[in-house]
Asker: 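I am attaching a structure below and will ask some questions about it afterwards.
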Amino acid sequence: MRIATWNVNSLRARLERVTTWLADAQPDVCCLQETKCDDEAFPVMAFSALGYECAFHGGNGRWNGVAILSRAGLEDERAGFSGALGADGDEARLLTARCGGILVSSLYVPNGRAVGSEHYAAKLAWLQRLRQELVSSCDAAQPLALCGDFNIAPEDRDVWDINQFAGATHVSAPERRELQSLLDWGLVDAVRRLRPDEDGPFSWWDYRAGAFHKGWGMRIDLVLVTRPLESRLQSAYVDREARKKGIKAVTQPSDHAPVVVDLVDLVD
DNA sequence: ATGGTAGCCCTGCTA
């Protein structure tokens, strides 16, 4: 079972790159973030042609938007936190579905903008709401994967130069504590678990100043799994090729690269 | 050269 997560920064602008990548990387489940796509405009046909079922939660279409593509089954989909649809503040940052025996969430944590701002407070509150959701509605003894753009670099080695981040979001202690509190519930950072001794690998690079080619990136796109999936972890990689412009490409790449995690298949 | 880029949409906002 191959699970991927990718912040595509507009699905409409990136559709050909996404379908090309799917055909090449062949994930069984692919979580997307920042689709910026209204539900009625979601390109279902482009994905069904590749064998994927789609779940999508598009909000207002201008910002945010999350989706799950699956060719391993797609059931019990629910948008937002439990309770009313849109209980994530109608911001379209959370979508959950059952795919091949795994409860998969595609999530897009608020950026936070600046430490101390109201947006930063909202980021912390959103993470606390997610933790509450796990405690009240989920079972850490069951197969579950939280996949998405967490907008948090878990450790100092998950950014290119920690000295550049003094006082900045993504590395501040309070948001890292919130991430740790998710892990304490019963989750493991899959890529870090499989690659304990290396820095990164980064999954995001700023569009500006040639950051990608200078290696100025961060590891903020994560796959967090419960223990039953930790025991099935096989390998993981970040597809940096998908972050490159490409010689013939008409459209720009996303500023994020896909994160891919392979699980050992269960034998019946 | 106090910068840079990308995507959305009303020329600014968000990342």
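Quick note on labels: first sequence line is chain A, next is B, and so on, each numbered from 1.
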Asker: Could you work out the separation of B/dA1 and B/dG12 based on their C1' atoms and round it to a whole Å?
Answerer: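 Comparing C1' positions in B/dA1 and B/dG12 gives a spacing of 24 Å.
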
Asker: How long is the line joining CG of A/Asn7 and P of B/dG7, in whole Å?
Answerer: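 Rounded to whole Å, this separation is 13 Å.
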
Asker: Please report, rounded to the nearest Å, how far the P atom of B/dC8 is from the CH2 atom of A/Trp63.
Answerer: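 Computing the A/Trp63:CH2 to B/dC8:P distance gives 12 Å.
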
Asker: Do the side-chain N and O atoms of A/Thr226 and A/Gln142 include a donor-acceptor pair separated by under 3.5 angstrom?
Answerer: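 No, because no side-chain N or O of A/Thr226 sits under 3.5 Å from a partner of the opposite role on A/Gln142.
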
Asker: Starting at CZ of A/Arg62 and ending at C1' of B/dC13, how long is that distance when rounded to a whole Å?
Answerer: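 Rounded to whole Å, this separation is 9 Å.
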
Asker: Just the rounded figure in Å: distance from P of B/dG4 to CH2 of A/Trp205.
Answerer: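 It is 23 Å, rounded to the nearest whole Å.
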
Asker: Hey, is CZ on A/Arg193 packed in by over 12 heavy atoms from elsewhere, all under 6.0 Å?
Answerer: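 Incorrect, the count does not exceed 12.
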
Asker: Think A/Arg208 has a side-chain N or O under 4.0 angstrom from the OP1 or OP2 of B/dA15?
Answerer: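 No.
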
Asker: By nearest heavy atom, map A/Thr251 and A/Glu34 onto DNA chain B; which one lands nearer the 5' end?
Answerer: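 Nearest-nucleotide comparison on DNA chain B picks A/Thr251.
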
Asker: Could you tell me the separation between the CZ atom of A/Phe212 and the C1' atom of B/dA6, rounded to a whole number of Å?
Answerer: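 Taking CZ of A/Phe212 and C1' of B/dA6, I get 16 Å after rounding.
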
Asker: Consider only side-chain heavy atoms of I, L, V, M, F, W and Y, link residues closer than 4.5 Å, and tell whether A/Val225 and A/Leu182 are in one cluster.
Answerer: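 No.
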
Asker: For the side chain of A/Arg12, starting at C-beta, report the closest nucleotide among B/dC9, B/dG7, B/dA15.
Answerer: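 Between B/dC9, B/dG7, B/dA15, the one nearest the side chain of A/Arg12 would be B/dC9.
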
Asker: With A/Glu241, which residues qualify under salt bridge (Lys or Arg N to Asp or Glu O under 4.0 Å), at least two apart?
Answerer: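 Applying salt bridge (Lys or Arg N to Asp or Glu O under 4.0 Å) to A/Glu241 gives A/Lys244.
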
Asker: Quick one: does any side-chain atom of A/Ser106 pair with a main-chain N or O of A/Ala67 as donor and acceptor, under 3.5 Å?
Answerer: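 Yes; judged by distance alone, with no hydrogens or angles, the pair exists.
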
Asker: May I have the distance from A/His213 (atom NE2) to B/dT5 (atom P), rounded to whole angstrom?
Answerer: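 Checked: the NE2 to P distance equals 12 Å.
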
Asker: Name the closest nucleotide to the A/Tyr207 side chain, picking from B/dA15, B/dC8, B/dT5.
Answerer: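 Looking only at side-chain atoms, A/Tyr207 lies closest to B/dT5.
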
Asker: Quote, to the nearest angstrom, the P distance that separates B/dG3 from B/dC9.
Answerer: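 The same atom, P, in both gives a distance of 27 Å.
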
Asker: Figure out the CG/P separation between A/Asn111 and B/dG7, and round it to whole Å.
Answerer: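 Taking atom P of B/dG7 as the reference, CG of A/Asn111 is at 18 Å.
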
Asker: Side-chain N or O of A/Arg113 less than 4.0 angstrom from OP1 or OP2 on B/dA15?
Answerer: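 Yes.
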
Asker: With nearest nucleotides of DNA chain B determined for A/Lys36 and A/Asp255 from heavy-atom distances, which residue corresponds to the more 5′ nucleotide?
Answerer: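 It is A/Lys36, whose closest nucleotide lies nearer the 5' terminus.
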
Asker: In whole Å, what is the span from the CH2 atom of A/Trp204 to the P atom of B/dT14?
Answerer: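 Result: 17 Å.
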
